[in-house]
Amino acid sequence: MSEETRRQRLREIDQMREEGVEPYPYRFEKTHWAGDIKNEFSTLENSQTKEDVEIRTAGRVMALRSHGKSSFFVLRDDTGRIQAYIRLDSVGKDSFEIFKKYVNIGDFVGVTGFPFKTHTGEVSVFAKSFEILSKSIRTMPEKWHGLKDKEIIYRQRYAEMLSSDEALNRFKIRSELFRLIREFLAQRRFIEVDTPMLLHLTGGASARPFETRINVFESQMFLRIAEELFLKRYLVGGFERIFEIGKNFRNEGISYKHHPEFTMMELYWAYADYNDIMDITEAMINHIVENLAGSTRISYQGREIDFSRPWRRVKMADFIQDNLGANILEDSDERLIEVLKKHNSEPDMKERGHLIEKLWDLVEDKLVNPTFVTEHPVIISPLSKVHRSDPRVTERFELIISSMEMANAFSELNDPIEQHRRFLHQAGLREAGDEEAQMMDDDFLRALEYGMPPTGGLGIGWDRILMLVTDSPTIRDIIPFPLVRPISFEEEELQSEEELQE
RNA sequence: GACUCGCUAGCUCAGCAGGUAGAGCACCUGACUUUUAAUCAGGGGGUCGCGGGUUCGAAUCCCGCGCGAGUCACCA
């Protein structure tokens, strides 16, 4: 990495200090944000000044247009960009010299002055004084094309954020999403709780966990793959409407819709069933999409998705029957395998639940608009109640949007004897080599034996909803700091350190 | 994991009949007191992803590796 500019900056910083200009001061009293200034003074006439208003704003210098005895520069903060104007006769010769000599694109600068509109009608700040707040020693990405290299974008997300307003906004939307959820649920008497991520055994979902070790107990531990089993313990304890938003970790593949660390929300609602959960899911996602995208009809990767209610509901067995001609409730295993093979899908295991999952995968991509797929067979739903009028299936639904599973919910199984039986079946699968089968959780069963109210439960992968709302083609675009293969910048960093030691 | 494509200055890219590397932005110097991709003049900056091979000579051709992107397969 040859970095002439960086070396120049380091020299400049020394020089600044010699001249008594601190490159990294402690504080700036900021009274106005870029977006606010633009809004508040948009009604000024061209060339009009408002000298009675004092503005103190700060941000990163994104553009610098120097004209000898004056300069225009653009400051960017997390509300937008605002142009500032500085001139020799307003800040004085010494100060102006410092500006010319030391302010570069990329630096943080604070400005004190008053609002005005330029001849060409841009709301700006007329600087009466300025302060360098933090010197940057690396060059910014190109101002017009920005960063395009995906590798840099993912590995140095800060570089994308600081150079792309679109990126900054994308992650502001992420934050806004979680604010909206909390607001929505608080209005309905749901309270936010938390559960452990570090566990002695995992459960609540079918997935391979990350393994780690704890030194004090000298024992193996797992990162959680779901919040479910602990949130239900809250219900046993007496909580009625709870939710948790947090990370889950699954030691499986990475794809445009899978990321090993992802943000899941689970919600449990005592005295409700899966029909109630369907209603609240529909209402909540509808509410969030409308607020974030401005409409319940959005365009995702060139395809329209319509969130207007009510959403389509199809029974899993019917949908597979209609599309593949297989009956997952009645047909023999052999018949299911036959159908799978006909569609070039080779089952890894002959276990019936696995066959059903594979069949489902074949038809999932037919669903674009929000669709509730309901009544999954008991065999693939170890934590949900048997359907009240059909013992072959459960009171369960998954929400599919744009071929992605967005939510999974059911009338929660609260019969401890039945739950024990289901765990035994899962344990059998595990012994037969299914690494994703659930583990027997005796403490959870003990909790159920104390009694858990009838409950509707829900899990939503909000990252995927966020993909839709921001029209992002991959989940990595909406995870601020996605997982990347560790390597490659060692050399670069080593060199940087050597330079610093000079 | 398989296949396809990519990796050249800090960033965005050009250069590939094999002849020793270029532009724009950014940076430095100078001019310029309402510009907005400011303008004008001049200048510095590269182990062409890494390693090996072919060749008098490789950014360019061949092989291996690394990292990334896309498609497919699998788990939310």
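Naming: A, B, ... by sequence-line order, numbering from 1 per chain.
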Let me know the distance between [atom1] of [X] and [atom2] of [N], rounded to the nearest Å.
| X | N | atom1 | atom2 | answer |
| --- | --- | --- | --- | --- |
| A:Ile254 | B:A73 | CD1 | P | 18 Å |
| A:Leu340 | B:C74 | CG | C1' | 14 Å |
| A:Arg7 | B:A9 | CZ | P | 15 Å |
| A:Arg60 | B:A26 | CZ | P | 16 Å |
| A:Lys135 | B:A26 | NZ | C1' | 13 Å |
| A:Glu151 | B:G49 | CD | C1' | 9 Å |
| A:Glu142 | B:G10 | CD | P | 14 Å |
| A:Leu64 | B:C28 | CG | C1' | 14 Å |

Assert yes or no for the condition that the ring centre distance of A:Phe410 to A:Tyr274 is strictly below 6.0 Å.
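Here the rings of A:Tyr274 and A:Phe410 have centres that are no less than 6.0 Å from each other.
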
For the aromatic rings, using the six-membered ring if either is Trp, is the centroid distance between A:Phe130 and A:Phe99 under 6.0 Å?
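Yes: the rings meet the under 6.0 Å criterion.
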
From the options [options], select the nucleotide whose nearest atom is closest to the side chain of [X].
| X | options | answer |
| --- | --- | --- |
| A:Ser206 | B:A76, B:G10, B:C74 | B:A76 |
| A:Thr5 | B:C27, B:U35, B:U33 | B:C27 |
| A:Phe72 | B:A76, B:C28, B:U34 | B:U34 |
| A:Thr474 | B:G70, B:C67, B:U34 | B:G70 |
| A:Lys69 | B:C32, B:U34, B:A76 | B:C32 |
| A:His67 | B:A26, B:A38, B:G68 | B:A38 |
| A:Arg9 | B:G24, B:A38, B:C27 | B:C27 |
| A:Glu405 | B:A76, B:C11, B:U35 | B:A76 |
| A:Arg87 | B:C28, B:G10, B:U33 | B:U33 |
| A:Lys143 | B:C25, B:U34, B:A76 | B:C25 |

The residue, A:Ser66 or A:Val103, whose nearest nucleotide of RNA chain B is more 5′ is A:Val103

Relative to the 5' end of RNA chain B, which residue comes earlier, A:Trp144 or A:Gly461, by the nucleotide with the nearest heavy atom?
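With A:Trp144 and A:Gly461 compared, the 5'-side residue is A:Trp144.
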
Regarding [X], tell me which of base, sugar-phosphate or nothing describes its non-hydrogen contacts under 4.0 Å with the strands shown.
| X | answer |
| --- | --- |
| A:Glu160 | nothing |
| A:Leu88 | nothing |
| A:Ser71 | nothing |
| A:Asp463 | nothing |
| A:Lys101 | nothing |
| A:Asn104 | sugar-phosphate |
| A:Arg81 | nothing |
| A:Asp149 | sugar-phosphate |
| A:Phe262 | base |
| A:Glu357 | nothing |
| A:Gln8 | sugar-phosphate |
| A:Phe96 | nothing |
| A:Ser47 | nothing |
| A:Arg464 | base |

Does [X] put a side-chain nitrogen or oxygen below 4.0 Å from OP1 or OP2 of [N]?
| X | N | value |
| --- | --- | --- |
| A:Lys117 | B:U34 | no |
| A:Arg65 | B:U35 | no |
| A:Arg155 | B:G68 | yes |

Does the side chain of [X] come under 3.5 Å of the side chain of [Y] through a donor N or O and an acceptor N or O?
| X | Y | answer |
| --- | --- | --- |
| A:Glu395 | A:Ser411 | yes |
| A:Arg396 | A:Ser381 | yes |
| A:Glu244 | A:Thr195 | yes |
| A:Arg174 | A:Thr263 | yes |
| A:His67 | A:Ser70 | no |
| A:Glu357 | A:His354 | no |
| A:Ser124 | A:Gln83 | yes |
| A:Ser47 | A:His119 | yes |

Under a 4.0 Å N-O cut-off, is there an ion pair linking A:Lys342 with A:Glu338?
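The answer is no: the pair does not qualify as a salt bridge.
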
With centres under 5.5 Å and planes under 30°, do A:His145 and B:U12 count as stacked?
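No, aromatic ring not over the base.
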
Could you tell me how far [M] sits from [N] if I compare only their [atom1] atoms? Round to whole Å.
| N | M | atom1 | value |
| --- | --- | --- | --- |
| B:U20 | B:A26 | P | 30 Å |
| B:U4 | B:G45 | P | 41 Å |
| B:U8 | B:A21 | C1' | 8 Å |
| B:G52 | B:C13 | P | 30 Å |
| B:A37 | B:G19 | C1' | 37 Å |
| B:G44 | B:A23 | C1' | 16 Å |
| B:G64 | B:A69 | P | 22 Å |
| B:C32 | B:A38 | C1' | 11 Å |

Pairs counted as Watson-Crick or G-U wobble with both distances under 3.5 Å: what dot-bracket string results for RNA chain B, using | for bases tied to another strand?
(((((((..((((.....[..)))).(((((.......))))).....(((((..]....))))))))))))....

Mark yes or no for a side-chain to base donor-acceptor pair under 3.5 Å between A:Gln83 and B:U35, with no hydrogen or angle criteria applied.
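Pair found.
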
Between A:Arg476 and A:Tyr154, is NZ or CZ placed under 6.0 angstrom from the six-membered ring centre and within 45° of the ring axis?
yes

